[in-house]
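The structure appears below as structure tokens.
Naming: A, B, ... by sequence-line order, numbering from 1 per chain.
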Amino acid sequence: MVAQRFRTRFAPSPTGYLHVGGLRTALYNYLFVKKMKGDFVLRIEDTDRSRRVEGAQQNLLKTLEWAGIVPDESPERGGDFGPYIQSERLDIYKKYCDELLEGKYAYYCFATSEELEENRQLQLKQGLQPKYNRKWLPEEMGGSMPSSEIRKKMEQGAPYVIRMKVPDYVSVWFEDIIRGPVEFDSSTIDDQVLMKSDGFPTYHFASVIDDHLMEFTHIIRGEEWLPSMPKHLLLYEFFGWEPPRFAHLPLLLNPDRSKLSKRQGDVAVEDYIQKGYSAEAIINFVAMLGWNEGEGTEQEVYSLEQLVERFSLERVGKAGAIFNVDKLNWLEKQYIKNRSADRIIQAIKPLLIGELEKRPTEMPESVITSDSYLEQVIDLMRERVGFEHEFVTFSPYFFFDPETYEEEGVRKRWTADTNTLLREFVTILASLEVFSAEAIELELKAFVAPRGLKAAALIHPLRILCSGVSFGPSLYHMLEVLGKDAVIRRISRGIETVVCVA
RNA sequence: GGCCCCAUCGACUAGCGGUUAGGUCACCACCCUUUCAAGGUGGCGGGACGGGUUCGAAUCCCGUUGGGGUCACCA
């Protein structure tokens, strides 16, 4: 037997943003199939015309690719199994639907939605399970509707849907890769609509047809699809097709353990991108929600490549996982810590330039936008920021003179002598030929010692005057990076502004 | 409610019959330290419950409870 080529798909409907749960589903599909050197396919499920959102498809693809999950076949890339948009495959569904009709596995149903609703209410009132009452099941299929009646409706051009006829009292069984054997009884299954009255297929029908025709070997999808498995399996049986293997992923949960949804925080990948999370961190994080390497491995940080190498469906857990932002934040920091300065510079320079356009600075722009200056800032701030954009926003004093001084810091660090001391010390700084961290530290200590003061007496005020705030990187290094001119300017100006209140 | 899935620290999880139940995040303390981080050390904290099976169960089986999903001409 020839080894078959593994193929998986991610099949979202273009109704807007990419859900983080969707991203994880896509990722697992991708990891699984890439490890097996197979094909990852993007298919668009746009069989609900009313929910279609303009631009959603492009957005989905863009976000997926941002995350590094690049499909081998997709609507824009094409492939041997196209079209990859369901609305362009209507004739295919029609053909297979006719086949089902022919084989008496499906039937026309002329019930109106009002009728169905009425029926549903009635069943509910009687304490029964709401289920289609099979009013339109033809006589020759074991129902009560005479074919003459059906023909009449047809001739009138009445709108109809096509339903599958679920056989009574059969048990449907399959082996889920993640969950093991799962069994259903057909009596609990409704006669699912296959073709809607607008001529479009339902998800259930279209996905089975496409999954077969596109030759997917593994269907990896969210657990919310588990209850519709019997319908799908029955369809494979009707057609005489061998079903692919299935893996139903545990759900991503809100903090209250309900299915992850809007209203309880951000669910769109785009939201996280906008907040500044990197693709590496998001992918890493989402991969670990439900999967781990096991066998005593304690690794937490994985690259996409490593995930591809190590992933396996067998090690996906069964229980839902809460999307915990704390851990995501920690991961983001890990990535920032290890990211090359070059890459960070590339990312933040445009942000900085944008800031500079909004606000004038007394710093020499050519200096503060230079790679060498930014690299120094990155060196000092890398372990202090949570997002890349914070290299610009978290410590604006690298780019702008402070306009205000943190009140609490001043209150805490100023004494009656502070301004006098600073006035003296600034002249020393001004005389410095080499404005280096080492030199500054040396001078400061030499200045402070004979006066019986601690270095802190000057360190804190200097920081506040030069940065506006009481926290930040090593003072000496910060001053060196800011440069002699800026430091002297800031101190001199600060002394005028900050008056000791003690 | 019917059907289906699930169940180890607050969160993510390791464990696949014998472990002082391990790690990460968060939290707390201490150390380092000019501050803030980062880092280091330690701490807090867990197998829902009840029955079996077994010499021995977090681990296997059954039940209970709890949580979730799903019951559309939406996916």
Any salt bridge linking [X] with [Y]? Criterion: basic side-chain nitrogen under 4.0 Å from a carboxylate oxygen.
X	Y	result
A:Asp266	A:Lys275	yes
A:Glu117	A:Arg120	yes
A:Asp98	A:Lys94	yes
A:Arg451	A:Glu424	yes

In the strands shown, is [N] matched to any nucleotide by a Watson-Crick or G-U wobble pair with both distances under 3.5 Å, and which?
N	answer
B:rU24	B:rA11
B:rU64	B:rA48
B:rA38	none
B:rC16	none

Show every side-chain hydrogen bond (donor to acceptor under 3.5 Å, both in side chains) that has at least one partner inside residues 223-233 of chain A, sequence neighbours left out. A:Gln192-A:Lys231, A:His204-A:His232, A:Arg221-A:His232
With a 3.5 Å cut-off and sequence neighbours excluded, list the donor-acceptor pairs that the side chains of residues 174-184 of chain A form with protein atoms.
from	atom 1	to	atom 2	distance (Å)
A:Asp176	OD1	A:Ile178	N	2.8
A:Asp176	OD1	A:Arg179	N	3.0
A:Asp176	OD1	A:His248	N	3.4
A:Asp176	OD2	A:His248	N	3.1
A:Asp176	OD2	A:His248	ND1	2.7
A:Arg179	NE	A:His248	O	3.0
A:Arg179	NH1	A:Lys318	O	3.4
A:Arg179	NH2	A:His248	O	2.9
A:Glu183	OE2	A:Ser171	OG	3.0

Any base atoms under 4.0 Å from A:Gln129, or only sugar-phosphate, or nothing? Heavy atoms, all strands. base
So what does A:Val385 touch, heavy atoms closer than 4.0 Å: a base, only the sugar-phosphate, or nothing? nothing
Do A:Arg310 and A:Tyr302 form a cation-pi contact, if we require the NZ or CZ to be under 6.0 Å from the six-membered ring centre and within 45 degrees of the ring's axis? no
Nearest-Å distance once atom [atom1] is located in both [N] and [M]:
N	M	atom1	result
B:rU59	B:rA37	P	42 Å
B:rG68	B:rG23	P	31 Å
B:rG15	B:rC55	P	27 Å
B:rA11	B:rG47	P	12 Å

Below 4.0 angstrom, which residues in residues 83-90 of chain A have at least one non-hydrogen atom near RNA chain B? none
RNA chain B contacts among residues 444-460 of chain A, heavy-atom distance under 4.0 Å: A:Ile459, A:His460
Assigned chi class of B:rG47 under the 90° convention is syn
Ignoring hydrogens and geometry beyond distance, is the side chain of A:Thr188 in donor-acceptor contact with the base of B:rC3 at under 3.5 Å? no
Could you list the residues that satisfy side-chain hydrogen bond (donor to acceptor under 3.5 Å, both in side chains) with A:Thr63, not counting sequence neighbours? A:Glu270
Of the candidates B:rC3, B:rG67, B:rU70, the side chain of A:Pro227 sits closest to B:rU70
When you measure from the side chain of A:Ala321, which nucleotide among B:rU13, B:rC74, B:rG22 comes out closest? B:rU13
When the aromatic ring centroids of A:Phe323 and A:Tyr272 are compared, is their separation below 6.0 Å? yes
Might you list the N or O atoms of the protein lying below 3.5 Å from N or O atoms in nucleotides 38-45 of chain B, with each pair's distance?
from	atom 1	to	atom 2	distance (Å)
B:rA38	O3'	A:Lys337	NZ	3.0
B:rA38	O2'	A:Glu383	OE1	3.3
B:rA38	O2'	A:Glu383	OE2	3.1
B:rG39	OP1	A:Lys337	NZ	2.9

